[in-house]
Amino acid sequence: MKFGRFSGFFVLLGLLWNCSPKEADPFATVKPDETRFTKVTLVEKLNEPMELEVLNNGDVLFIERAGKLKLYEAELGETTVVGELEVYLEHEDGLLGLAKDPGFEKNHWIYLYYAPLDFSPDVNRLSRFEFVDNRLDLTSEKVILEIPVFRGCCHSGGSIEFDANGLLFLSTGDDTTPFESDNYNPIDERQDRPANVDAQKTSANTNDLRGKIIRIKPEADGTYSIPEGNLFPQALPIPDRKSM
């Protein structure tokens, strides 16, 4: 009987403890004093850097829009070009996205999103490559996804990120110019107009991959599957280029 009383007492004490106010993180809403940090410049005078990945050893992989993959080696404090893609560089296209695979330490895979040069029909491409011995192996490319685009426009986008479940997120621009709509929503249904003035064809169109955040699961063989909860449960649709 005494044991039961003490047991109940500790249960009650635990409930009261859990209900008591918890100490709030002061930096959840307040910006820390900048004097608490020391800024160390690693690399300067870059040519349109786009995205980076910090490796487990402290090295930093990053890309420049003109097509170069560079590596900052923390131990040496030096930066070298470790790979280069031939990319279509006009307007806002080029080498736009970089992400390392969640299992990079074992499989040495990285993902790049870029505009291939002299490729017809015009597409922006998501590919997987091997990065071994601090070099990008161009021959290892596995093309995962190609998105038809209108060359001669803008709003390309292309950031890549993995979540905690190993799903890849790719953001794509709407491939639509905002300058001919006088600051209004870029909707232009007039006949004989360029293909880049109406966002109803891209971001407002669920059958088009432009102007979207795309979520896929890369597979080991270089293909992809679609995780539960995506808009299209069976396969990502490939737009009809005739409608562009």
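On a predicted model such as this, the values are computed, not experimentally measured, just so you know. Residue numbers run from 1 in the order of the sequence given.
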Out of curiosity, [X] [atom1] to [Y] [atom2], how far, rounded to the nearest 0.5 Å?
X	Y	atom1	atom2	result
Phe169	Ile214	CZ	CD1	11.5 Å
Leu117	Leu85	CG	CG	11.0 Å
Tyr111	Leu145	OH	CG	13.0 Å
Asp59	Leu61	CG	CG	8.0 Å
Tyr88	Arg125	OH	CZ	15.5 Å
Leu71	Thr79	CG	OG1	7.5 Å

Please indicate whether [X] has more than 12 foreign heavy atoms, meaning atoms of other residues, nucleotides or ligands, lying under 6.0 Å from its [atom1].
X	atom1	value
Asp133	CG	no
Glu51	CD	yes
Glu219	CD	yes

Taking side chain as C-beta onward, heavy atoms only, is [X] less than 4.5 Å from [Y]?
X	Y	answer
Phe119	Glu146	yes
Ile216	Ile144	yes
Asp137	Phe129	no
Ile63	Leu69	yes
Ile160	Leu170	yes
Glu73	Asn134	yes

Could you tell me whether a side-chain N or O of [X] sits under 3.5 Å from a main-chain N or O of [Y], the two making a donor and an acceptor?
X	Y	value
Glu64	Leu46	no
Asp163	Asn165	yes
Thr202	Asp175	no
Lys68	Leu95	no
Ser159	Ser171	no
Thr172	Leu209	yes
Glu84	Gly67	no
Asp101	Ile110	no
Arg65	Met50	no
His108	Glu130	no

Review point. Between Ser156 and Leu96, does a side chain to side chain contact (heavy atoms under 4.5 Å, CB included) hold up when you go through it step by step?
Key: CA-CA 9 Å; Ser156 293; Leu96 304 175; 3.8 Å; yes

If you group Ile, Leu, Val, Met, Phe, Trp and Tyr by side-chain heavy-atom gaps below 4.5 Å, do [X] and [Y] land in one group?
X	Y	answer
Leu98	Val54	no
Phe62	Val81	no
Leu126	Leu167	no

Point to revise | Stepwise side chain to side chain contact (heavy atoms under 4.5 Å, CB included) check, Asp174 with Arg210 | key: CA-CA 5 Å; Asp174 66 1; Arg210 294 169 293 178; 5.6 Å; no

Review point. Which residues pass the side chain to side chain contact (heavy atoms under 4.5 Å, CB included) test with Lys142, sequence neighbours left out?
Key: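 Listed in chain order: Arg128.
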
**Study point:** Heavy-atom closest pair, residues Ala115 and Asp93
**Key:** CB-CB, 3.7 Å

Check your understanding: So, for Ala66 and Val87, which heavy atoms are closest and what is the spacing to 0.1 Å?
Key -> O-CG2, 3.4 Å

